[in-house]
Chemist: 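Below is a structure I'd like to ask you about.
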Amino acid sequence: PEPFRPLAKPQPTAEAPSAHSAPRRHVTPATVGARVFLCHASPDKAKVRELYHQLERDGFVPWLDEEDLLPGQDWDQEIRRAISNTDAVVACLSKRSIGKLGYVQKEIVHALDLADLRPEGAIFLVPARLEECEVPQRLARYHYVDLFREGGYERLTRSLRVCKTE
């Protein structure tokens, strides 16, 4: 009989995702847009899901917990890893999210810490208002985009393209 030979481990590629990511569509380095972490509060999930799919259709690589976290993963560790490995963080703001206690605030703090490590003037953290609402003081130094206004999504994607090239 033949001796047992373990199968070689597949190496992560665009077609075979690493253990730290959910399966993704087929992309090559030349076609990959900016990696975008979508920071949001649970009550805004439906709007953020729409944003996720639109960004994906437009060639970006968005990260959203319900799409990219795998069952059994340590969600806190994976979210921190995703924020650390992204080209940009879009902080989705609404009347519900700005006053909400919880993990969304922790994500924003982590993104702010990483933004401070970037060169001055680099775009990393983009506050994006989903509706008319106040921008939290901690994000006030960053120019925000209104996704609910005409042209808002196009302005966001312009910023994300700049992130990819910086």
Chemist: Hey, mind stepping through Ile79 and Lys106 against side-chain contact (heavy atoms from CB on, under 4.5 Å) and telling me if it holds?
Modeler: CA-CA 10 Å; Ile79 288 172; Lys106 191 173 180 179; over 6 Å; no
Chemist: Evaluate salt bridge (Lys or Arg N to Asp or Glu O under 4.0 Å) for Arg141 paired with Asp116, printing each intermediate quantity in order.
Modeler: CA-CA 12 Å; Arg141 69 180 177 172; Asp116 284 341; 2.8 Å; yes
Chemist: Just by distance, do the side chain of Arg158 and the backbone of Val162 share a donor-acceptor pair under 3.5 Å?
Modeler: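 Here the side-chain-to-backbone pair does not exist.
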Chemist: At their closest point, which heavy atom of Leu160 faces which heavy atom of Ala34, and how far apart are they?
Modeler: O-CB, 3.4 Å
Chemist: For a 4.5 angstrom cut-off between non-hydrogen side-chain atoms, does Tyr52 reach Glu56?
Modeler: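 Tyr52 reaches Glu56 side chain to side chain.
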Chemist: Within a strict 4.5 Å, meaning less than it, do heavy atoms of the Val48 and Leu130 side chains meet?
Modeler: yes
Chemist: Verify the distance criterion only: is there a donor paired with an acceptor across the side chains of Ser94 and His40 at less than 3.5 Å?
Modeler: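 No.
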Chemist: Which atoms form the tightest heavy-atom contact between Gly152 and Val145, and what is the distance?
Modeler: O-CG2, 3.2 Å
Chemist: Less than 4.0 Å between a side-chain N and a carboxylate O, is that true for Asp65 and Lys45?
Modeler: yes
Chemist: Apply the side chain to side chain contact (heavy atoms under 4.5 Å, CB included) test between Ile83 and each candidate in Asp113, Val89, Ile108; give the one that qualifies.
Modeler: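 Of the listed options, the one satisfying the test is Val89.
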Chemist: Examine distances only and state if a side-chain atom of Thr157 and a backbone atom of Glu154 form a donor-acceptor pair shorter than 3.5 Å.
Modeler: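 A pair under 3.5 Å: yes.
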Chemist: Can you tell whether the side chains of Arg81 and Glu78 come within less than 4.0 Å, N to carboxylate O?
Modeler: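 A salt bridge links Arg81 with Glu78.
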Chemist: To the closest 0.5 Å, what do you measure between CZ (Arg49) and CG (Leu38)?
Modeler: 12.0 Å
Chemist: More than 12 heavy atoms of other residues, nucleotides or ligands under 6.0 Å from CD of Glu66: is that the case?
Modeler: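 Counting other residues, nucleotides and ligands, CD of Glu66 exceeds 12 neighbours.
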Chemist: Indicate yes or no: at least one non-hydrogen side-chain atom of Arg149 is less than 4.5 angstrom from one of Arg129.
Modeler: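 Of all side-chain heavy-atom pairs linking Arg129 with Arg149, at least one is under 4.5 Å.
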Chemist: Whether the side chain of Glu131 engages the backbone of Lys95 through a donor-acceptor N/O pair (distance < 3.5 Å, no angle test) should be reported.
Modeler: yes
Chemist: Between Arg57 and Gln54, does a side chain to side chain donor-acceptor pair (under 3.5 Å) hold up when you go through it step by step?
Modeler: CA-CA 5 Å; Arg57 281 190 296 274; Gln54 184 63 48; 2.8 Å; yes
Chemist: Could you state the interatomic distance from CG (Asp74) to CZ (Arg80), rounded to the nearest 0.5 Å?
Modeler: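 Here the interatomic distance stands at 11.0 Å.
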Chemist: Test Leu55 against Val90 for side-chain contact (heavy atoms from CB on, under 4.5 Å), laying out the working first.
Modeler: CA-CA 11 Å; Leu55 287 168; Val90 175; 5.7 Å; no
Chemist: Between CZ of Arg161 and CD1 of Ile123, what distance do you get to the nearest 0.5 Å?
Modeler: 12.5 Å
Chemist: Measuring from Tyr142:OH to Phe124:CZ, what's the distance to the nearest 0.5 Å?
Modeler: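 Spacing of OH (Tyr142) from CZ (Phe124) equals 9.0 Å.
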Chemist: Kindly assign one of parallel, tilted or perpendicular to the pair Trp63 and Phe37, based on the angle between their ring planes and the thresholds 30° and 60°.
Modeler: parallel
Chemist: Given Val36 and Asp87, is the side-chain contact (heavy atoms from CB on, under 4.5 Å) satisfied, shown in steps?
Modeler: CA-CA 6 Å; Val36 183; Asp87 296 309; over 6 Å; no
Chemist: For residues Trp75 and Leu70, determine if any side-chain heavy atom of one lies less than 4.5 Å from a side-chain heavy atom of the other.
Modeler: no
Chemist: Is the shortest side-chain heavy-atom distance between Tyr153 and Leu51 below 4.5 Å?
Modeler: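 Result yes, sub-4.5 Å side-chain heavy-atom pair found.
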Chemist: When you measure from the side chain of Asp146 to the backbone of Phe148, do you find a donor-acceptor pair of N or O atoms at a distance under 3.5 Å?
Modeler: no
Chemist: Heavy-atom count check: over 12 atoms from other residues, nucleotides or ligands less than 6.0 Å from Glu150 CD?
Modeler: no
Chemist: Which atom names give the shortest non-hydrogen contact between Pro62 and Asp68, and what distance separates them?
Modeler: O-OD2, 3.7 Å
Chemist: Within the 4.5 Å heavy-atom criterion, are Leu147 and Leu156 side-chain neighbours or not?
Modeler: yes
Chemist: For Arg96, does the CZ atom sit with more than 12 other heavy atoms under 6.0 Å from it, leaving out its own atoms?
Modeler: yes
Chemist: Could you tell me whether a side-chain N or O of Glu67 sits under 3.5 Å from a main-chain N or O of Leu64, the two making a donor and an acceptor?
Modeler: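 No.
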Chemist: Using side-chain contact (heavy atoms from CB on, under 4.5 Å), reason through Val109 and Arg138 one step at a time and then give a plain yes or no.
Modeler: CA-CA 9 Å; Val109 168; Arg138 64 173 53 155; 3.5 Å; yes
Chemist: Is it true that a side-chain atom of Ser97 and a backbone atom of Ala41 form a donor plus acceptor pair closer than 3.5 Å?
Modeler: no
Chemist: Using the rule given for side chain to side chain donor-acceptor pair (under 3.5 Å), can you reason through His110 versus Ser84, listing the C-alpha separation, both sets of side-chain angles and the distance that settles it, and then say yes or no?
Modeler: CA-CA 8 Å; His110 185 54; Ser84 296; 3.2 Å; yes
